[in-house]
Amino acid sequence: MPELPEVEGYRQYLEATCLHQPIEALDVEDTKLLTTDPITLAETLSGVSFTGTRRVGKNLFVFTDKPGVIVRMHFGMSGSLEYYHSSLDRPRHARIVFYFRGGFNLGFICPRKFERVGLVEDVDAFLKSKKIGKDALELTVEELAAALVNRKSVIKSTLLDQSVAAGVGNWIADELLFQARIHPEKPANELSTTEVEALREAIQQVLLTAIEKEARYAHFPESFLIHARAWDTSPYANSEQHLLCPRCGSELEIMRVGGRTTYFCPVCQQR
DNA sequence: CTGGATGTTATTGT
DNA sequence: AACAATAACATCCA
């Protein structure tokens with residue numbers, strides 16, 4: 001589930017495997033996944049090597065040895081990367097493949113086709129045009145407070161807005177609000193200074209923990225709300241019948257906020 | 001077989 | 001105009 005921690009993992013993975021190998025060819029199974037037309041993409045990347053990476057929110061930018069040529073990847077709801085050698089090992093759903101000289105390949109895995117790959121000339125200009133704000137991990141408490149003060153909508157939806165804190169996705173928003181003890185439907189502009197500080201603290205703690213655990217939810221601390229979610233398989237995972245708060249033991253509530261499934265503890269997170 | 005899923009964007013509504 | 005809520009997108013899996 002590629003939110004900020006997963007994308008950070010992919011960034012490190014690509015950086016560890018794919019740099020300084022000229023691209024010989026591209027295989028694009030479905031051009032809908034591209035934000036640059038396939039001919040231009042193939043011609044531009046031919047013979048080019050990746051030289052470095054930068055992640056902002058859920059976006060991964062890959063720099064090349066050709067000026068003004070940057071590859072942007074977005075992993076949608078289910079994307080990932082896999083570096084492999086033999087074409088026999090081509091992973092399932094590797095709908096875009098970068099073939100490097102030397103025989104290694106980078107597969108851009110997209111089971112659900114919500115993923116995107118394309119060229120970008122300038123990262124900051126791209127971010128601006130897409131209204132992507134500061135990466136959640138870079139956000140200061142003052143910036144967070146400033147981003148919330150004029151927002152009348154509920155805090156959970158506000159956190160999912162990539163212009164506020166880039167990289168926060170659905171489970172992370174729930175986790176942040178749980179750790180900061182804020183009700184998901186509280187209007188963003190009604191958060192107290194203390195709550196904004198707690199939120200900023202939670203952003204750091206939750207994201208750094210998730211990155212450190214390589215986004216493997218089963219390895220997250222027992223104090224995390226995420227174990228209530230159905231796809232968690234850790235020993236702390238709550239059964240479907242009994243979703244209990246890891247802090248106070250109360251029954252968790254599941255509701256829809258801003259159209260997204262939302263878990264929270266009605267006792268720890270008062271309105 | 002139906003429903004729901006991690007994200008983003010276009011569209012509709014206020 | 002600005003903001004907010006919703007549907008749609010394409011697949012997979014329980």
Side-chain angles (χ1 to χ4, degrees), chain A residues 1-10 28-35 55-60 72-81 91-96 107-118 120 126-133 135-136 147-178 184-190 206-207 210-211 213-218 220 224-234 237-241 243 254-263:
Chain A
M1 329 305 148
E3 301 181 30
L4 188 152
E6 286 90 346
V7 179
E8 176 59 21
Y10 303 150
V28 178
E29 194 182 287
D30 187 339
T31 53
K32 274 185 187 161
L33 301 168
L34 300 181
T35 56
R55 182 193 56 74
V56 179
K58 301 167 195 171
N59 294 273
L60 174 57
R72 175 237 178 192
M73 301 178 176
H74 192 288
F75 297 91
M77 301 235 292
S78 56
S80 62
L81 293 177
R92 198 172 169 217
H93 306 308
R95 301 188 204 270
I96 298 175
F108 183 81
I109 320 280
C110 23
R112 242 155 278 186
K113 295 192 180 179
F114 280 7
E115 302 74 11
R116 292 295 179 267
V117 169
V120 162
F126 173 83
L127 295 173
K128 200 170 178 184
S129 73
K130 289 284 183 178
K131 297 193 172 68
I132 295 165
D135 187 78
L148 301 183
V149 70
N150 285 324
R151 296 275 184 152
K152 281 175 283 191
S153 72
V154 299
I155 184 62
K156 162 141 184 186
S157 304
T158 307
L159 285 173
L160 289 174
D161 184 334
Q162 298 300 293
S163 72
V164 172
V168 175
N170 199 38
W171 79 256
I172 291 180
D174 285 359
E175 192 69 58
L176 299 177
L177 293 170
F178 173 72
E185 286 184 312
K186 186 157 187 168
N189 60 0
E190 289 178 18
V206 168
L207 293 180
I211 291 169
K213 303 291 181 191
E214 299 174 313
R216 288 141 68 169
Y217 310 133
F220 289 5
F224 273 43
L225 186 69
I226 195 173
H227 303 300
R229 295 190 114 89
W231 26 268
D232 182 83
T233 53
S234 73
N238 280 307
S239 75
E240 284 204 33
Q241 292 78 8
L243 299 162
I254 303 176
M255 66 189 304
R256 290 187 80 81
V257 177
R260 322 288 282 162
T261 302
T262 300
Y263 289 66

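The basis for the numbers below is simple: all heavy atoms, side chains too, and nothing from hydrogens, waters or symmetry mates. Just so we're on the same page: letters track the sequence lines, and every chain starts at 1.
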Checklist entry - For the side chain of A:E185 and the backbone of A:V154, is there at least one donor-acceptor N/O pair under 3.5 Å apart? => result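 Not a single qualifying donor-acceptor pair exists.
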For atom [atom1] of [X] and atom [atom2] of [N], their distance in whole Å:
X      : N      : atom1 : atom2 : answer
A:I254 : B:dG3  : CD1   : P     : 18 Å
A:F75  : C:dT11 : CZ    : P     : 19 Å
A:R229 : C:dA14 : CZ    : C1'   : 16 Å
A:Y263 : B:dA5  : OH    : C1'   : 10 Å
A:D30  : C:dA10 : CG    : P     : 9 Å
A:L160 : B:dG7  : CG    : C1'   : 10 Å
A:R112 : B:dT8  : CZ    : P     : 15 Å
A:Q162 : B:dT8  : CD    : P     : 4 Å

By salt bridge (Lys or Arg N to Asp or Glu O under 4.0 Å) - contacts of [X] (at least two apart):
X      : result
A:E8   : A:R11, A:R55
A:K130 : none
A:R112 : none
A:E214 : A:R216

For [X], side chain to side chain donor-acceptor pair (under 3.5 Å) partners two or more places apart:
X      : answer
A:R116 : none
A:K156 : A:N170, A:D174, A:T262
A:T31  : none
A:H74  : none

Item to check | Distance below 4.0 Å between A:H93 side-chain N/O and C:dA10 OP1 or OP2 | outcome: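 Indeed not, no polar side-chain atom of A:H93 lies that close.
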Next on the checklist: When you measure from the side-chain N and O atoms of A:H74 to the phosphate of B:dT8, is any distance below 4.0 Å, counting only OP1 and OP2?
Outcome noted: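 Yes.
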Checklist entry - Considering only the P atoms, how many Å lie between B:dT9 and C:dC12, rounded to the nearest integer? => result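 Between the two P atoms, the distance is 23 Å.
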Checklist entry - DNA chain C: stems of at least 3 consecutive Watson-Crick or G-U pairs, cut-off 3.5 Å? => result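 As far as DNA chain C goes, consecutive pairing (with distances under 3.5 Å) yields the stems B:2-5 with C:11-14, B:7-14 with C:2-9.
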Could you run down the sub-3.5 Å N/O contacts of the protein with nucleotides 9-14 of chain B?
from, atom 1, to, atom 2, distance (Å)
B:dT9, OP1, A:K130, NZ, 3.0

Next on the checklist: Please classify the nucleic acid contact of A:E115 as base, sugar-phosphate, or nothing, using heavy-atom distances under 4.0 Å.
Outcome noted: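 No contact at all - A:E115 keeps every heavy atom at 4.0 Å or more from the nucleic acid.
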Pick out the pairs of N or O atoms, protein on one side and nucleotides 4-9 of chain C on the other, that lie under 3.5 Å.
from, atom 1, to, atom 2, distance (Å)
C:dA4, OP1, A:S153, N, 3.3

Item to check | Sequence-distant partners of A:S163, side chain to side chain contact (heavy atoms under 4.5 Å, CB included), two or more places apart | outcome: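 Residues passing side chain to side chain contact (heavy atoms under 4.5 Å, CB included) with A:S163: A:R151, A:D161.
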Checklist entry - For the rings on A:F178 and A:Y263, is their centre-to-centre separation under 6.0 Å? => result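 No, too far apart.
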Item to check | Partner of A:S78 under side-chain hydrogen bond (donor to acceptor under 3.5 Å, both in side chains), chosen from A:H93, A:K113, A:E115 | outcome: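 The side-chain hydrogen bond (donor to acceptor under 3.5 Å, both in side chains) with A:S78 is passed solely by A:E115 among A:H93, A:K113, A:E115.
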